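Here's the structure, in C-alpha cells; my notes come after.
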Amino acid sequence: MPAEPVPADPGPEDDLAWLDRDPMTAGERAASLDRLCEQDEPPGEEECEDYAPLTAEELAEVRRAAADDLLAVTAAAAGRRGPGQPGSARVFPGESSSRAAGFGPGMALDVLPGCAGLAVAADAACEDDGFAGVSEAELVGLVCAWDRGEAHAAARKLAVIGELGRRNPGPEDAEFTADEIANALGESRARAGELMGTADCLQTHLPGTGAALRDGTVSLGKARIIAAATALLDPAEAAAAEAGVLDRAARLTPGGLRAAIARAVMEAAPGKARERRETAARFARVERWAEDTGNAALMGRELPPDEVLAADQRITAWAGELKAAGLDGGMDELRARAYLDLLLGTDSRPGGNPKTTWCVTVTDEKGHAVGHGCARPEPGSRRTRAGPGPPGRAGFCFTPARRDGPPGGYGTWRLRTPGPGPDLILSLDPLTTDPCDHRYQAPGHDPGVKLRHLSQIRHATCTSPICRRPAAQCDHEHNTPYEAGGRTCLCNTGPKCRHDHRLKQHPKWTVDQLPDGTFTWTTPAGRTYTTEPTRYPV
C-alpha cells in the first residue's frame, strides 16, 4: 500500500513513468513538435477585452517562460531529461546549468529543426546579449540554432511569395507582383523576380530542397544555388539532380555545392546542361565598377572555361616572373599587376606551353579515388603510330599492356592519345590505406614526388571542411607530427593550406585522419566536422 493516496489521473510531472509506458513514435514526436511550432493563432475577441500592453520586464518573463516550456516539451519528446533542463531533479556535477544548456551538443534544442519555437528559445537564451556562464559549445549551438531559424523564416517568406505568384499567374500580373514585392521589401525588380523564381522552383521542382530549407538543414543561399543550377530542367530531371547533392548540401561550402550540383545537372540532363552553358556564353561580357575604397574592378563573365583556366595560369606565370624580378608585393597583388600588364601590353612577354602529362584515376562507386597512375613513353619504343585510335574514341585507346603491375595494384596499361608519337605506358597504384602497407612511405620528413602527387589525387583541395584551396598550393602536413613518430606516408599525411596547417596545430583543435582518408576536425567547442576524399565524376 502506498503511504499516500495515488491521484486518479497523474500528470506527466507527477509520474514520469508515462514516458516508458507509452513512448511516442517518431512520427508522433515530429507531429507534436510541429504543433508546438505552429501554435501562433491570434486570440479571439473575448480574450482581448482586458488587454493591456506588457512592460519590458513582463515581456522578458513571457519569453523566458515560453522558452522553458519549449525546452521541457522537446526534452520529454526525446524521451529524456538532461541536466540543467526544466524538470530535472538536480544539476549533475560537471554539466552546464546556463540558460543556454539546451543548445549544448546533442541536447534537445541543438537538434530541433528550424521553427518559430526554436527562435523563441534562442531569443531567451540571448537575452540582453549577456552570455555569462554559457560555454563555447553552447554558443556554437546558439549560432547553429539561429542559422536554422533564419533558414526556416526564409522558407516561410518564400512560401508567401510563391502564393502571391500563384494568385497572379498572367505574365503581366507576375511582372507587377514582382514590383509589389520589390517596393514592399525595398529591393530591386531583379531581386524580387529572383525571389519569385526561387519560390516557384522550390514548390514545383525541388520539394526536397524546400523541406531542407524549412527545417534549417540548408541555408537560403544554398537553396538558391540549387534552384539556379536546375532552372532549365523539368521536374523529374531536377529531382534527379537534387538527389545527387541534398544528402551533403548542409556540409558543403557554397563553392563545393556549386560544383557538385553542376556535375549532378550534367549527369541528369547533359543536353540541357550544354544548352544552358551555350546560351549563357552568348551573354559573355566584361564588367567594371567602382570599389567602395575608391579603386576599381574589372571582371569577365560567362567566358569559355578552358580559356579562362589558360588565362589564369598565364597571369600566375607572369606574376612569378615579376616576383623573380624583385617586384614587391604578395602573390595576389602581383597577379593583379600581371593581369593589367597582359591586358595593356606593358612589360609582358608570351608564355610557353607546358608539356602535358597524362594521368588516369580509378574511382569507386562514390567517386573516391582508389587507384592512380601517370603515363610515360613506352620504353625502347620510338615508333610513330600507324594512325588514330579506334572509331568513336576520339583518338584515345586504353588497353591492357601486360598482367604484371604494382603489387596489389590495377595492372599495367597502354594508352594511345591523339596525334603522332609513341604509345604511353602506365601502372595503376592503389590509393587505399585501410589497412596501409606503407608502400609510399618516405624515410624522412619530406614526402617523395610520388607520395605528394598521390596525396593530392586523393584530396584535390585542402582537407579542411570549409577550404577549397587546390592541394598543389597547400602544405603536405603530417597528421601525427613527424617529430612525435608520425610516418611520412599516405596514411598520415594530407594537404592543408598554410592557415589550416597552423589551425590544426593549435592546442584547442584536434584533427584525426581515419584509414579511409576521412579527416575529422574537432573544434574548441567540441563540435565535430568531417572531410571526405575528393569525389570525381563516375
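Not measured: the values here are computed from a predicted model. Values below: every heavy atom of this structure, side chains too, minus hydrogens, waters and symmetry copies.
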Sub-4.5 Å side-chain heavy-atom contact between [X] and [Y]:
{"X": "C436", "Y": "P515", "result": "no"}
{"X": "V140", "Y": "T523", "result": "no"}
{"X": "H499", "Y": "R469", "result": "no"}
{"X": "L426", "Y": "F398", "result": "yes"}
{"X": "R335", "Y": "D312", "result": "yes"}
{"X": "T518", "Y": "P533", "result": "yes"}
{"X": "C491", "Y": "Y440", "result": "no"}
{"X": "R535", "Y": "R263", "result": "yes"}

Name of the residue among K496, R498, Q513 meeting side chain to side chain contact (heavy atoms under 4.5 Å, CB included) with E477:
K496
Tell me which one of D512, N479, T530 satisfies side chain to side chain contact (heavy atoms under 4.5 Å, CB included) with F519.
N479
Just by modelled atom types, is the [Y] backbone N or O under 3.5 Å from a matching donor or acceptor in the [X] side chain?
{"X": "W521", "Y": "T463", "result": "yes"}
{"X": "S188", "Y": "R191", "result": "yes"}
{"X": "K222", "Y": "A249", "result": "yes"}
{"X": "E242", "Y": "T209", "result": "yes"}
{"X": "T361", "Y": "H372", "result": "no"}
{"X": "T198", "Y": "E194", "result": "yes"}
{"X": "T432", "Y": "D434", "result": "no"}
{"X": "D215", "Y": "T217", "result": "no"}
{"X": "R148", "Y": "L112", "result": "yes"}
{"X": "D147", "Y": "V143", "result": "no"}

Hey, is [atom1] on [X] packed in by over 12 heavy atoms from elsewhere, all under 6.0 Å?
{"X": "L340", "atom1": "CG", "result": "yes"}
{"X": "R189", "atom1": "CZ", "result": "no"}
{"X": "R166", "atom1": "CZ", "result": "yes"}
{"X": "R285", "atom1": "CZ", "result": "yes"}

Heavy-atom pair with the smallest gap, counting every atom of [X] and [Y]:
{"X": "M331", "Y": "G320", "result": "CE-N, 4.0 Å"}
{"X": "L490", "Y": "L431", "result": "CD2-O, 3.7 Å"}
{"X": "Y536", "Y": "A460", "result": "OH-CB, 4.1 Å"}
{"X": "A154", "Y": "L213", "result": "C-CD2, 4.5 Å"}
{"X": "A280", "Y": "E302", "result": "CB-OE1, 3.2 Å"}
{"X": "L303", "Y": "A284", "result": "CD2-CB, 4.3 Å"}

Taking atom [atom1] of [X] and atom [atom2] of [Y], what is their separation to the nearest 0.5 Å?
{"X": "C467", "Y": "D500", "atom1": "SG", "atom2": "CG", "answer": "5.0 Å"}
{"X": "I226", "Y": "H205", "atom1": "CD1", "atom2": "NE2", "answer": "14.5 Å"}
{"X": "I161", "Y": "L195", "atom1": "CD1", "atom2": "CG", "answer": "4.5 Å"}
{"X": "L298", "Y": "R288", "atom1": "CG", "atom2": "CZ", "answer": "9.0 Å"}
{"X": "N168", "Y": "E163", "atom1": "CG", "atom2": "CD", "answer": "9.5 Å"}
{"X": "M266", "Y": "R276", "atom1": "CE", "atom2": "CZ", "answer": "10.5 Å"}

Residues H453, C359; criterion side-chain contact (heavy atoms from CB on, under 4.5 Å); working and verdict
CA-CA 11 Å; H453 180 63; C359 295; 4.0 Å; yes
Under the criterion salt bridge (Lys or Arg N to Asp or Glu O under 4.0 Å), I'd like the reasoning laid out for R337 against E333: C-alpha separation, chi angles, the key distance, then a yes or no.
CA-CA 6 Å; R337 183 70 260 167; E333 187 177 356; over 6 Å; no
Where do R458 and H368 land on the side-chain contact (heavy atoms from CB on, under 4.5 Å) test, with the steps shown first?
CA-CA 7 Å; R458 186 157 72 164; H368 297 149; over 6 Å; no
Run the side-chain contact (heavy atoms from CB on, under 4.5 Å) check on W289 and M299 step by step: do they pass?
CA-CA 9 Å; W289 64 92; M299 177 176 63; 3.6 Å; yes
Using a strict threshold of under 4.0 Å (side-chain N to carboxylate O), is an ion pair present between D110 and R527?
yes
side-chain contact (heavy atoms from CB on, under 4.5 Å) between K272 and D234, intermediate numbers included:
CA-CA 10 Å; K272 290 184 178 178; D234 63 35; 4.0 Å; yes
Can you list the steps and then say if D437 with R439 is a salt bridge (Lys or Arg N to Asp or Glu O under 4.0 Å)?
CA-CA 5 Å; D437 59 8; R439 69 179 63 195; 2.7 Å; yes
